[in-house]
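Comments concern the structure below.
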Amino acid sequence: MDNAENKSALPKNEEEEKQNSGISRKNSEASLLSMDTNEEDDDGNEEEDDEKNVVVLGPQVALKEQLEMDKDDESLRRWKETLLANVDLSEVGENPDPLVTIMNLTISSPERADLVLPIPFQSGSNSAAFVLKDGSKYCLKFNVTVHNNIVSGLRYTNTVWKKGIRVDYKKVMLGTFSPQKDAYVIELEEETTPSGFLARGYYTAKTKFADDDGKCYLEMDYAFEIKKDWGR
């Protein structure tokens, strides 16, 4: 990766976080499977390191209360007004915890119709949730809803194993999202599946969505296959 390392995508300071907190975004540092084993550490402890490095920011405050508390801080107030431009505050509840739901995953490829998979995936314990064609271009799109409060520093991690050996690990900082009625469509960069006989086969994986506070909104184990042709 040229612009950021997989292991650390958190903003360095509050001002940088504000600048990076766009609502509509197209991310450029993720893949379901890149097969780039040079970037990974052999111990595979990145997720444990993330949990250890979580900063405790104190109790969450309801959105309406936040706005009242910040009314004397002009810079912070303007930032939140921009972030909450499309929020109907009359529909925001008193629950201080953001409600984040990852609704579905769309796998898009110029070689086939979009494949939309409800989350969690509907597959058996030993069956693949989907099939990718080797050497094909594809991108991932997640539909994500946010309610009740702002979710700060939402990040996506994905770990892939083949025959018990970890072959890929990705972490992507998605950003800060305000509550709204419509789902956000988070599109990741187009990738190319590895090709050849050795790349084909059965893979297991774990996907996780969590925020700056360490709160996990989705942790899902699944399996997929890479084949010579597109499957279902």
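Throughout, numbering of the chain's residues begins at 1 and tracks the sequence. Predicted model, so just to flag it, every value in this text is computed and none were measured.
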Next on the checklist: With side-chain contact (heavy atoms from CB on, under 4.5 Å) as the criterion, how do Tyr138 and Glu191 come out once you've worked through the C-alpha distance, each side chain's angles and the decisive distance to 0.1 Å?
Outcome noted: CA-CA 5 Å; Tyr138 72 96; Glu191 298 287 341; 3.9 Å; yes
Checklist entry - So Phe177 and Ile186, side-chain contact (heavy atoms from CB on, under 4.5 Å) or not? Walk me through it. => result CA-CA 11 Å; Phe177 298 83; Ile186 301 176; 3.7 Å; yes
Next on the checklist: Would Leu218 and Ile119 count as a side-chain contact (heavy atoms from CB on, under 4.5 Å) here? Give the steps.
Outcome noted: CA-CA 9 Å; Leu218 174 72; Ile119 292 177; 3.8 Å; yes
Item to check | side-chain contact (heavy atoms from CB on, under 4.5 Å) between Val160 and Phe224, worked out | outcome: CA-CA 10 Å; Val160 180; Phe224 67 96; 4.0 Å; yes
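Note that NZ of Lys137 is 9.5 Å distant from OG of Ser109, once rounded to the nearest 0.5 Å. Distance check, rounded to the nearest 0.5 Å: CG of Asp97 to CG of Asn148 gives 8.0 Å. Put simply, CG on Leu105 and CE on Met220 are 7.5 Å apart, with the number rounded to the nearest 0.5 Å. Residue Ser108 holds its OG atom at 9.5 Å from CD of Glu190, rounded to the nearest 0.5 Å. Taken from OG1 in Thr159 to NZ in Lys208, the straight-line distance is 9.5 Å, to the nearest 0.5 Å. Rounded to the nearest 0.5 Å, atoms CG (Leu115) and CG (Leu140) are 10.5 Å apart.
One finds a salt bridge joining Glu219 and Lys206 here, because a Lys/Arg side-chain nitrogen approaches an Asp/Glu carboxylate oxygen to under 4.0 Å. A salt bridge links Glu111 with Lys133; the closest basic N to acidic carboxylate O contact falls under 4.0 Å.
Judged by the 6.0 Å distance and 45° axis criteria, Arg166 is not positioned over the aromatic ring of Trp161.
Between Leu99 and Thr145 the shortest side-chain heavy-atom distance does not fall below 4.5 Å. Residues Thr192 and Ser136 fail the side-chain proximity criterion, which asks for heavy atoms closer than 4.5 Å. By the 4.5 Å heavy-atom criterion applied to side chains, Tyr222 and Thr204 are not counted as neighbours. By the 4.5 Å heavy-atom criterion applied to side chains, Asn104 and Leu117 are not counted as neighbours. Within the 4.5 Å cutoff, the side chain of Cys139 has no heavy atoms near those of the Leu188 side chain. Here the side chains of Arg155 and Lys171 are in contact, with some heavy-atom distance below 4.5 Å.
Ring centroids of Phe142 and Phe209 are separated by less than 6.0 Å, placing the two rings close together.
When all heavy atoms are compared, the tightest approach of Tyr217 to Pro98 is OH-CG, 3.3 Å. Closest heavy-atom contact between Ala223 and Ser127: CB-O, 3.9 Å.
At least one donor-acceptor pair closer than 3.5 Å links the side chain of Asp134 to the backbone N or O of Gly196. At distances below 3.5 Å, at least one donor-acceptor pair connects side-chain atoms of Gln180 with backbone N or O atoms of Asp182. Under a 3.5 Å cut-off, the side chain of Lys162 and the backbone N or O of Arg200 do form a donor-acceptor pair. Between the side chain of Thr193 and the backbone N or O of Gly135, at least one donor-acceptor pair lies under 3.5 Å.
Donor-acceptor pairing under 3.5 Å is lacking for the side chains of Asp114 and Thr106. If you check the side chains of Tyr184 and Asn143, you find no donor sitting under 3.5 Å from an acceptor.
Counting heavy-atom neighbours within 6.0 Å of Lys215 NZ, excluding the residue itself, gives a total above 12.
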